Asker: 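First, the structure itself, so that you have it in front of you.
To find a chain, count down the sequence lines: A is the first, B the second, and so on, and within it residues start at 1. As the structure is a computational prediction, the values presented were derived from the model and not from experiment.
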There are 2 protein chains.
Amino acid sequence: MTLANPPSRRPGLRIAEAPPTLRELALERLRTAIVEHHFPPGSRLTERDLCGQLGVSRSVVREVIRHLEAEGLVTSIPHHGPIVARLEPEAAEQIYEIRALLESTAAHDAAQSATPEQLAAMRDALSAIAAGYAAGDHHGVILSTTRFYEAMFAAGGKRVAWEVVKRLNSRISWLRAMTIASPGRATTGLGQMQKIFAAIEQRKPEAAAAASRGHVTMAAAIARALLREQAAGPPPSG
Amino acid sequence: MTLANPPSRRPGLRIAEAPPTLRELALERLRTAIVEHHFPPGSRLTERDLCGQLGVSRSVVREVIRHLEAEGLVTSIPHHGPIVARLEPEAAEQIYEIRALLESTAAHDAAQSATPEQLAAMRDALSAIAAGYAAGDHHGVILSTTRFYEAMFAAGGKRVAWEVVKRLNSRISWLRAMTIASPGRATTGLGQMQKIFAAIEQRKPEAAAAASRGHVTMAAAIARALLREQAAGPPPSG
DNA sequence: TTGACCTGTATTGTGTACGATCTTACAATG
DNA sequence: CATTGTAAGATCGTACACAATACAGGTCAA
């Protein structure tokens with residue numbers, strides 16, 4: 001049995017599933033703001049400023065900060081306050097390595113147990129990625145890519161691993177955005193993902209795992225190059 | 001270059017490293033309380049009660065709860081408050097699988113690049129484990145086991161992976177405790193870890209990875225049996 | 001000019017009180 | 001016995017107050 005359908009949930013009966021509290025809204029808002037690089041790494045997150053920008057009180061802001069701190073997106077310096085976490089190249093390298101392990105395992109198992117619905121979800125995501133590249137909509141490409149992997153992990157029954165990968169990805173969101181937008185990525189990257197999907201669809205676990213490893217390895221190489229050139233000369237005008 | 005020594009941190013230079021705030025103390029206290037099963041899974045964590053038990057105000061308690069929530073140790077139900085997270089057998093299964101992947105990779109790389117100091121640290125931890133088993137000090141065994149793995153991940157240069165494993169382990173802390181205390185574990189478990197260490201010391205990456213996989217696989221099997229028997233008849237008296 | 005010292009301001013760390021809203025339990029009613 | 005209404009208790013969110021610390025800037029002496 002796969003983990004795709006949550007247990008005992010009759011749709012359309014419950015009022016709202018979860019009346020989102022103010023805090024959850026604020027958390028999501030601030031997290032996407034950080035992930036989408038509205039706050040550059042190292043920038044300070046002054047509590048009172050955030051109160052104003054989010055429209056909530058200090059308590060809520062502080063609890064949200066604690067949550068993001070535990071997620072690794074924010075670092076708190078005592079008596080100085082929270083700042084957006086910086087990403088060390090070394091950490092990025094390791095994150096890609098872990099992703100390669102987890103994603104290839106997920107691809108392997110997805111090839112063994114994907115349902116037709118899950119395959120359809122992956123196919124949809126792939127075409128959305130292609131459309132996003134065609135339209136130059138990089139943000140859409142990122143979202144669809146996430147959807148593809150979410151479907152793949154679900155197909156492989158890897159709920160926990162997906163949580164881990166999601167969290168790790170949020171820490172390299174900026175690299176992912178740059179990688180996706182790098183020249184030639186529209187053809188090679190998409191091609192690799194189609195290769196993963198084809199292997200899963202044809203029930204070839206080993207091939208799926210290998211293709212997945214290849215994809216992450218390539219992304220890591222691009223990211224490495226980006227980090228190197230950033231370290232070499234970050235301010236081209238200054 | 002390994003990742004063992006943190007970048008640009010000359011020891012003994014910084015004034016005080018970090019004056020621990022009340023919040024950090026409370027966080028650590030509550031986390032260990034949960035991990036050591038003083039609060040059973042599903043039990044409610046009423047804010048005001050915790051205020052009394054921890055000796056801090058509600059603000060601190062709430063922020064600590066948010067942190068633990070992000071760590072996955074606590075689940076918050078809106079308007080009902082936080083409860084200690086329950087561990088689903090399925091999640092436990094996946095956690096052991098991820099551990100097998102990450103630990104075997106760490107063992108592999110540790111065999112390639114461990115320094116004499118790191119080997120010594122692992123050897124120390126091993127003898128501490130043996131001593132703990134001999135003295136029937138299960139808690140000590142757990143701590144020393146953690147130390148062994150910490151040294152192994154450091155030797156393999158896997159800082160991020162270690163963070164991931166630490167966090168996953170905290171969610172199965174109860175299972176780990178039961179596994180370590182299970183009959184015969186003193187000989188088989190310790191023997192497997194010595195096998196891992198021997199392979200690392202002899203610079204045999206593949207053997208180290210295989211031994212590591214074997215160790216986790218066996219632990220997972222014991223945990224599975226524990227969970228099954230717990231699901232079958234948890235209250236033998238009542 | 002350099003360095004030490006002092007001071008004021010900004011920000012965080014922590015505690016406390018209050019109203020609103022939701023959940024739950026219990027009592028009243030048919 | 002089932003249903004409804006009410007009340008207690010908890011959380012959610014806000015506002016305010018005060019202490020502790022960090023940082024910037026100025027003053028003053030060597």
Side-chain angles (χ1 to χ4, degrees), chain A residues 8-9 13-31 33-34 39-86, chain B residues 9 13-31 33-34 39-71 73-86:
Chain A
S8 76
R9 178 179 299 176
L13 276 186
R14 297 200 65 83
I15 302 298
E17 256 309 322
T21 65
L22 241 189
R23 194 183 57 239
E24 290 180 48
L25 291 175
L27 171 63
E28 199 162 334
R29 200 74 66 89
L30 183 55
R31 177 163 35 204
I34 292 178
F39 296 99
S43 67
R44 298 186 53 173
L45 298 172
T46 306
E47 292 180 4
R48 286 194 171 78
D49 291 358
L50 291 178
C51 290
Q53 297 185 37
L54 290 171
V56 294
S57 77
R58 243 182 103 200
S59 310
V60 175
V61 166
R62 291 179 61 114
E63 293 177 35
V64 167
I65 294 282
R66 292 316 151 222
H67 196 112
L68 294 176
E69 189 182 354
E71 283 188 16
L73 285 177
V74 161
T75 331
S76 271
I77 305 172
H79 293 285
H80 195 169
I83 62 174
V84 178
R86 299 173 190 278
Chain B
R9 178 179 299 176
L13 276 185
R14 296 200 65 83
I15 304 298
E17 261 305 326
T21 66
L22 240 189
R23 180 170 17 96
E24 290 180 48
L25 291 175
L27 170 63
E28 200 163 332
R29 201 74 67 90
L30 183 55
R31 177 165 35 206
I34 293 178
F39 296 98
S43 66
R44 299 185 55 169
L45 298 172
T46 306
E47 291 181 5
R48 286 196 171 78
D49 291 358
L50 291 178
C51 290
Q53 297 186 40
L54 290 171
V56 294
S57 78
R58 262 186 74 210
S59 314
V60 176
V61 167
R62 291 181 61 144
E63 292 177 33
V64 166
I65 294 284
R66 293 315 153 222
H67 196 112
L68 294 175
E69 188 182 355
E71 282 188 16
L73 285 176
V74 162
T75 326
S76 270
I77 306 172
H79 295 286
H80 194 176
I83 62 175
V84 178
R86 299 173 190 279

Asker: Considering only heavy atoms, which members of residues 55-71 of chain B lie under 4.0 Å from some atom of DNA chain D?
Answerer: B:Arg58, B:Arg62, B:Arg66

Asker: What residues, two or more places apart in sequence or in another chain, satisfy side-chain hydrogen bond (donor to acceptor under 3.5 Å, both in side chains) together with B:Glu63?
Answerer: A:Arg62, A:Arg66, B:Arg23

Asker: Please give, in whole Å, the distance from C:dT12 C1' to A:His79 NE2?
Answerer: 7 Å

Asker: Can you figure out which of D:dT11, D:dT14, C:dT12 approaches the side chain of B:Glu47 most closely?
Answerer: D:dT11

Asker: If you compare all heavy atoms of A:Ala26 against all heavy atoms of A:Val60, which two are closest, and at what distance to 0.1 Å?
Answerer: CB-CG1, 4.2 Å

Asker: Between C:dT11 atom P and A:Ile83 atom CD1, what is the distance in whole Å?
Answerer: 16 Å

Asker: In whole angstroms, how far is the P atom of C:dC18 from the CZ atom of B:Arg48?
Answerer: 12 Å

Asker: Who pairs with A:Arg29 by side-chain hydrogen bond (donor to acceptor under 3.5 Å, both in side chains), at least two apart in sequence or on another chain?
Answerer: none

Asker: Please give, in whole Å, the distance from C:dC22 C1' to A:Leu22 CG?
Answerer: 15 Å

Asker: D:dC12 C1' sits how many Å from A:Leu27 CG, rounded?
Answerer: 16 Å

Asker: Closest approach to the side chain of A:His80, judged atom by atom: which nucleotide of D:dC23, D:dG13, C:dT12 is it?
Answerer: D:dC23

Asker: Over how many whole Å does the gap from A:Glu24 atom CD to D:dG13 atom P extend?
Answerer: 9 Å

Asker: For B:Leu27, enumerate each residue passing the side-chain contact (heavy atoms from CB on, under 4.5 Å) test, keeping only those at least two apart in sequence or located in another chain.
Answerer: B:Arg31, B:Val64, B:His67, B:Leu68

Asker: According to the side chain to side chain donor-acceptor pair (under 3.5 Å) rule, which pairs have a member within residues 48-59 of chain B, sequence neighbours left out?
Answerer: B:Glu47-B:Arg58

Asker: What contact category does B:Arg23 fall into here, base, sugar-phosphate, or nothing, at under 4.0 angstrom with non-hydrogen atoms?
Answerer: sugar-phosphate

Asker: What is the separation between atom CG on B:Leu54 and atom C1' on C:dG15, rounded to the nearest whole Å?
Answerer: 15 Å

Asker: Just to verify, what does B:Leu45 make a side-chain contact (heavy atoms from CB on, under 4.5 Å) with, not counting sequence neighbours?
Answerer: B:Ile34, B:Phe39, B:Leu50, B:Ile65, B:Val74, B:Pro82, B:Val84

Asker: Which listed nucleotide (D:dA10, C:dG13, C:dT14) is nearest to the side chain of B:Thr46?
Answerer: D:dA10

